[in-house]
Amino acid sequence: MNPEFETESLAGLNAAQREAVLHFEGPMLVLAGAGSGKTRVLTTRIARLVEHHGVDPTRILAVTFTNKAAGEMRDRISRLLGHEPKGMWCGTFHAIGARLLRANAAAVGRAPNFTIYDEDDSIAVIKRVMEASGISTKAWSAKAIASLISDAKNALVSPDEYASLALDPVSRNASVVYRNLEVALRNANAVTFDDLLTLPVQLLSGDEGLRRRLGSRFQFILVDEYQDTNRAQYQFIKLLGAEHSNVVVVGDDDQSIYGWRGADIRNILDFEREFPNARVVRLEENYRSTPNILEVANAAISANVGRKGKTLRPTRPAGERATVVATLDDRDEADWVVEEIMSRMSSENRSARDFAVLYRTNAQSRSMEDALRKHALPYRLVGAVRFYDRREIRDLMAYLKLIANPADDEAFRRAVAVPKRGLGDTTIETLAGAARGAGIPMLEAAALPNLVSTIRPAARAGLVAFAELIGRFRDMARESSVDELLRDLVDTLKFGDYLRADSPEQARDRIENVSALIDGAVETVVDYGGEIGLTPLDHFLQTAMLVAGTDQLDPSAEAVTLMTMHNAKGLEYRVVFITGIEDGLFPTSQSFDDPAKLEEERRLFYVGITRAEQKLYLTHSESRRRNGEIVGAIPSRFLRDIPAGMLEERSTMRAKTSGRHSWTNTSSRKTHAVPEWRSAKRDWAAESQDEPAYVPGERVRHTTFGTGTIFEIGGTGRDVKATITFDDDDVGSKTIKLAYTKLERE
């Protein structure tokens with residue numbers, strides 16, 4: 001044991017943090033409030049396991065939810081130890097799942113070089129499965145069916161079980177696709193994001209020997225952001241921790257905001273039931289926000305019933321009160337926010353990167369972007385098109401995927417089409433049919449001209465040339481680095497010329513994106529601890545597929561940040577504006593009659609509030625543009641949970657002179673009428689501000705056609721249409737204009 005390490009590592013920890021770090025064996029639940037130093041606790045605990053208790057790093061598994069968090073954790077542990085903890089598994093659930101699958105690929109019907117399909121890839125293969133299964137892609141949305149299958153996988157519902165539960169037409173079609181999808185994925189040597197979570201559970205559940213070996217190897221398991229785990233992730237940790245129960249989970253039930261994508265808050269609320277001897281430690285001292293902000297956060301979340309219960313305690317000196325601002329409309333709101341940012345930048349010598357504007361839905365960014373552009377203030381939009389989703393990047397990535405995995409037919413289809421080779425849709429579909437008939441991938445079929453004798457000779461020659469091109473690059477990939485491979489590929493394809501000819505006005509930006517892709521390949525460090533089957537190209541592709549939008553954020557960028565509150569989780573800014581705090585928008589109308597959803601919306605509000613370090617603004621408007629029309633709005637019910645006196649109340653000049661507010665003096669509560677958000681008697685709106693009144697998957701009743709399920713929503717304003725699949729097979733699927741139809745919710 002190193003005495004200096006013992007002294008230095010524990011120095012500065014508060015009592016609760018110290019308790020969590022010093023705990024050695026046995027399960028533990030660390031309820032870590034926002035800004036309470038949970039990352040420091042996790043990294044110090046791991047370093048102490050290695051340095052003080054002599055635990056081999058190979059016996060430690062640390063799971064996070066973002067690549068950025070995993071990288072920061074590894075860096076901090078290395079600094080604490082003075083060396084890298086070689087052999088420790090530290091990464092996201094998806095990355096660890098991929099690693100486990102590559103080491104045991106044959107057991108799940110794959111080869112170690114399998115491709116990871118992103119959402120677009122998954123929807124594309126689902127469309128082909130639908131077509132092969134006789135399910136119309138026009139009558140049924142592939143995206144909706146993909147969502148249903150994703151939900152089933154993450155809940156660990158098998159295709160057989162799902163089929164037995166499928167009662168409505170949408171689910172019945174989804175069950176057919178779900179059953180046939182696995183065959184298509186195996187044939188393509190591919191997995192989806194969901195498979196990275198569910199296949200490891202199947203692997204561990206079906207192979208007791210493997211489960212025992214891995215359970216014995218990972219003597220200590222630590223999981224961050226445990227409140228965001230879904231059924232599959234929970235089961236994965238449970239299976240691995242069954243041997244020793246040395247499972248430490250860190251999370252905050254008050255920040256569980258991903259129920260809509262399968263996260264189950266019960267995983268954290270019921271942890272002590274699963275591990276009866278678990279120690280519970282509450283981290284309640286907040287090192288991020290001023291007391292003024294924390295009292296608003298505590299008041300906001302206290303209205304929730306389904307929570308463990310804790311109170312954030314400040315460690316910083318008092319600051320400004322949080323401010324609630326009434327605005328006339330969304331344009332007035334955006335103008336006021338930008339002017340306030342510019343004012344504070346000038347008077348307080350702040351940088352643009354100190355400010356973040358948060359909102360409930362992505363559509364709200366439009367008016368804010370307009371105002372920022374009008375004032376020439378730089379901004380960055382988180383949640384816009386991800387770098388790896390840009391068309392030119394997807395095109396090149398298709399080549400890399402096909403080079404790495406010749407069985408990937410989706411990659412073949414995209415790569416063979418760029419640049420154009422005179423190979424039309426008919427040629428490609430004929431090739432696909434011949435490949436299916438022969439039981440081989442499309443790339444292999446392309447190299448066999450006699451297999452597709454009905455294709456014209458020039459097209460057959462083009463297919464052979466393409467197959468030879470991929471073959472050459474497969475040989476090159478065995479020796480070359482990924483950046484060298486990309487440079488040669490771009491030169492061989494004359495990709496720059498293609499971009500300039502295809503889209504001259506955007507060519508410069510696209511060529512710069514290609515350069516950035518090559519630079520990213522240079523920076524990729526292959527450090528996978530001897531992972532089976534993971535070549536440098538495999539590693540690069542896996543990293544690219546699993547990177548999240550927030551992982552790419554540059555904290556030093558001189559720009560105001562715009563993002564949804566879901567994207568803001570885990571981040572912090574000096575000054576935060578939460579905009580659009582209106583009933584129907586935040587919380588959404590779908591949560592009004594669903595207590596569980598309303599509590600999740602309130603947790604999202606809490607997450608937004610606790611992103612602020614020094615100043616918090618809450619804004620709402622009297623009206624807002626929605627689907628091309630102006631809709632009246634009223635302040636959110638969440639504001640009523642905050643006691644009078646905690647918030648400074650202001651209104652814009654336009655709201656004072658043109659709006660319905662009766663007060664003129666914001667310096668004294670006694671000189672103006674009670675704000676609408678203080679009134680408990682208000683007839684709260686029942687219509688969503690920024691989304692259709694109905695959502696896909698909702699059950700409705702039509703006066704003529706009977707009951708059915710909304711499959712898709714489209715259009716704007718009075719032209720909003722719903723495609724509804726009715727339960728009566730004779731009625732089938734119909735597209736109906738909502739402005740002229742009265743539907744009843746079931």
message: Between Leu210 and Asn104, is the side-chain contact (heavy atoms from CB on, under 4.5 Å) condition met? List the steps.
response: CA-CA 10 Å; Leu210 176 64; Asn104 301 275; 3.9 Å; yes

task: Considering only NZ, NE, NH1 and NH2 on the basic side and carboxylate oxygens on the acidic side, decide whether Arg231 and Asp264 come within less than 4.0 Å.
output: no

message: Please list all pairs meeting ring pair (Phe, Tyr, Trp, His ring centres under 6.0 Å) that have one or both residues in residues 238-262, counting only residues at least two apart or in different chains.
response: Tyr258-His566, Trp260-His566

query: Taking only residues at least two apart or on different chains, which pairs with a member in residues 294-318 satisfy ring pair (Phe, Tyr, Trp, His ring centres under 6.0 Å)?
result: none

- prompt: Given Lys310 and Asp253, is the side-chain contact (heavy atoms from CB on, under 4.5 Å) satisfied, shown in steps?
  reply: CA-CA 10 Å; Lys310 64 183 173 307; Asp253 51 313; 3.6 Å; yes

message: Can you confirm whether the side chains of Asp224 and Thr64 place a donor and an acceptor under 3.5 Å from each other?
response: no

field: Partner residues of Arg603 under the side chain to side chain donor-acceptor pair (under 3.5 Å) criterion, sequence neighbours left out
entry: none

Residues that Arg611 engages under salt bridge (Lys or Arg N to Asp or Glu O under 4.0 Å), provided they are two or more places apart: none

message: Within this structure, what is the CE-OG1 distance for the pair Met545 and Thr543, rounded to the nearest 0.5 Å?
response: 10.0 Å

Side-chain (Ser205) to main-chain (Gln202) donor-acceptor, under 3.5 angstrom: no

task: State, yes or no, whether a side-chain contact exists between Arg360 and Ile578 at a heavy-atom distance under 4.5 Å.
output: no

Donor-acceptor contact present, side-chain Arg313 to main-chain Pro291, <3.5 Å: no

- prompt: For atom CZ of Arg266, is the number of surrounding heavy atoms from other residues, nucleotides or ligands below 6.0 Å larger than 12?
  reply: no

task: Determine yes or no for a side-chain-to-main-chain donor-acceptor pair under 3.5 angstrom, with Ser171 supplying the side chain and Leu167 the backbone.
output: no

message: We want to know whether Asp75 and Ser78 form a side-chain donor-acceptor pair, criterion being a heavy-atom distance below 3.5 angstrom.
response: no

- prompt: Are the charged groups of Arg186 and Glu182 less than 4.0 angstrom apart, N to O?
  reply: yes

query: Would a distance-only check, ignoring hydrogens and angles, find a side-chain to backbone donor-acceptor pair under 3.5 Å from Ser216 to Arg213?
result: no

task: Sequence neighbours left out, what passes side chain to side chain donor-acceptor pair (under 3.5 Å) with Gln219? Give chain and number order.
output: none

message: Are the side chains of Leu203 and Leu100 in contact, using a 4.5 Å heavy-atom criterion?
response: yes

message: If you take the centroid of each ring, where Trp contributes its six-membered ring, are Phe586 and Phe638 closer together than 6.0 Å?
response: yes

field: Trp89 and Ile96, any side-chain heavy atoms less than 4.5 Å apart
entry: yes

Under 3.5 Å donor-acceptor, Arg321 side chain and Met646 backbone: no

message: Under a 3.5 Å threshold, yes or no: a donor from one side chain and an acceptor from the other, between Gln17 and Glu19?
response: no

query: Just how far is it from atom CG of Leu616 to atom OG1 of Thr290, taken to the nearest 0.5 Å?
result: 8.5 Å

message: Regarding Thr192 and Asp194, do their side chains bring together a donor and an acceptor under 3.5 Å, going by distance alone?
response: no

message: Test: side-chain hydrogen bond (donor to acceptor under 3.5 Å, both in side chains). Region: residues 292-308. Which pairs qualify, not counting sequence neighbours?
response: Asp254-Arg307, Glu272-Lys308, Asn304-Arg602

query: If you round to the nearest 0.5 Å, how far is CD1 of Ile581 from OH of Tyr359?
result: 14.5 Å

- prompt: So do the side chains of Leu358 and Thr579 get within less than 4.5 Å of each other, counting heavy atoms only?
  reply: no

statement: Sorted by chain and number, sequence neighbours left out, salt bridge (Lys or Arg N to Asp or Glu O under 4.0 Å) with Asp593 holds for none

task: Let me see the working for Thr39 and Met73 under side-chain contact (heavy atoms from CB on, under 4.5 Å), right down to the final yes or no.
output: CA-CA 7 Å; Thr39 303; Met73 187 178 290; 5.6 Å; no

- line: Separation between CG (Leu81) and NE2 (His83), nearest 0.5 Å, reads 4.5 Å

- prompt: How would you list, by chain and number, every residue that makes a side-chain contact (heavy atoms from CB on, under 4.5 Å) with Ala163, sequence neighbours excluded?
  reply: Ser175, Arg179

field: Pairwise distance OH(Tyr117) to CG(Asp195) - rounded to 0.5 angstrom
entry: 11.0 Å

message: Under a plain distance cut-off of 3.5 Å, with no hydrogens placed, do Asn154 and Asn230 share a side-chain donor-acceptor pair?
response: yes

query: Hey, does Leu13 have a side-chain heavy atom less than 4.5 Å from the side chain of Val21?
result: yes

field: Asn286 side chain vs Ala34 backbone, donor-acceptor pair below 3.5 Å
entry: yes

task: Could you name each residue pair satisfying ring pair (Phe, Tyr, Trp, His ring centres under 6.0 Å) that touches residues 274-303, not counting sequence neighbours?
output: Phe271-Phe275

query: How long is the gap from OG on Ser256 to CD on Glu225, to the nearest 0.5 Å?
result: 10.0 Å

- line: Glu274 meets the salt bridge (Lys or Arg N to Asp or Glu O under 4.0 Å) criterion, sequence neighbours left out, with Lys238

side-chain contact (heavy atoms from CB on, under 4.5 Å) between Tyr573 and Asp354, intermediate numbers included: CA-CA 6 Å; Tyr573 295 89; Asp354 291 337; over 6 Å; no

query: Is there a side-chain contact between Leu29 and Val281, using heavy atoms and a 4.5 Å cut-off?
result: no

- request: Kindly indicate whether the side chain of Tyr606, heavy atoms from C-beta on, has any atom under 4.5 Å from the side chain of Gln255.
  value: yes

His539 side chain to Leu541 backbone, donor-acceptor under 3.5 Å: no

query: Between the side chain of Gln227 and the main-chain N/O of Asp252, is any donor-acceptor distance below 3.5 Å?
result: yes

field: Carboxylate-amine/guanidinium proximity below 4.0 Å for Lys597 and Glu601
entry: no

message: Tell me every residue that passes side chain to side chain donor-acceptor pair (under 3.5 Å) with His53, counting only those two or more places apart in sequence or in another chain.
response: Arg48

Check: Arg99/Gln542 side-chain N/O donor and acceptor closer than 3.5 Å: no

query: Arg59 side chain to Phe218 main-chain N or O, any donor-acceptor pair under 3.5 Å?
result: no

- prompt: Is there a donor-acceptor pair under 3.5 Å between the side chain of Ser147 and the backbone N or O of Ala144?
  reply: no

- prompt: So, are Arg288 and Glu613 salt-bridged, with charged N and O less than 4.0 Å apart?
  reply: no

field: Residues forming a ring pair (Phe, Tyr, Trp, His ring centres under 6.0 Å) with Phe236, sequence neighbours excluded
entry: none

